Amino acid sequence: QQPVQSPQAVILREGEDAVINCSSSKALYSVHWYRQKHGEAPVFLMILLKGGEQKGHEKISASFNEKKQQSSLYLTASQLSYSGTYFCGTATSGTYKYIFGTGTRLKVLA
Amino acid sequence: DAGVTQSPTHLIKTRGQQVTLRCSPKSGHDTVSWYQQALGQGPQFIFQYYEEEERQRGNFPDRFSGHQFPNYSSELNVNALLLGDSALYLCASSLGLAGSPDTQYFGPGTRLTVL
């Protein structure tokens, strides 16, 4: 079952914040977040592991709610370079297979 | 430090033909995963290779096969091409530590068009 992301699309002004959610119907072991620009490969942003360990960047953070099987990506003080499609990639325990979410298209305007 | 590389960049084939795509993982990585990404969709997991063996497979027919070489590079083969196989094929490399999902780094992809 493919994880569902919300919102499907969002438009921001530079400097505004955004939250992207990823919900799964399965018990997750890890969640990856990627940003993909048109015509390019996905770029790794963040990994979250069961147990709360978090890695990532300064203005981009994320959380992992194990009870809800939901992850949220937080983009603060958005920049034009944040524009793209964001995907979560989820994995369950004992598997090496990542299932990508439905995607969220984000556009940042000047 | 070279990242993940893929070849060719673009490929045009006709229905029924066979195609081979190649991937070299990031330096220090020993695991290669292949994904198919249709236009406007997220990547779909095809399979993963570790220690020259297929470690896990997604919901793709046997027409899709692969190989990993001792230097960790990998090939994806698709036989009897269908129009629906037209997509961006992505290779991702990672460290294959057992039980530890690690960061995957994607290559630039191969755009396959089937006519």
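Here the structure is a predicted model, which means the values were calculated and not measured.
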Check your understanding: Cation over ring, B:Lys26 on B:Tyr105, under 6.0 Å and within 45°?
Key -> yes

Point to revise | Heavy-atom neighbours of A:Tyr82 OH exceed 12 at 6.0 Å | key: yes

Exercise for review: Could you tell me which of B:Gly42, B:Ser33, B:Gly40 has the largest number of non-hydrogen atom pairs under 4.5 Å with chain A?
Suggested key: B:Gly42

Exercise for review: Establish whether A:Tyr98 and B:Ile46 are linked, either directly or via other cluster members, by ILVMFWY side-chain heavy-atom contacts under 4.5 Å.
Suggested key: no

Exercise for review: Report the option among A:Phe100, A:Phe87, A:Tyr34 that has the most heavy-atom pairs separated by less than 4.5 Å from atoms of chain B.
Suggested key: A:Phe100

Review point. Between B:Gln37, B:Gln41, B:Arg111, which has the largest tally of heavy atom pairs under 4.5 Å with chain A?
Key: B:Gln37

Check your understanding: So which of B:Pro43, B:Pro108, B:Gly58, B:Gly107 has the biggest tally of heavy-atom pairs under 4.5 Å with chain A?
Key -> B:Pro43

Practice item. Cation-pi check, B:Arg57 to B:Phe47: give yes when NZ or CZ is under 6.0 Å from the six-membered ring centre and within 45° of the ring axis, no otherwise. Key: no

Review point. Should B:Lys13 and B:Asp85 count as an ion pair when the cut-off is N to O under 4.0 Å?
Key: no

Review point. At a heavy-atom separation under 4.5 Å, does B:Gln104 approach chain A through its side chain, its backbone, both, or neither?
Key: both

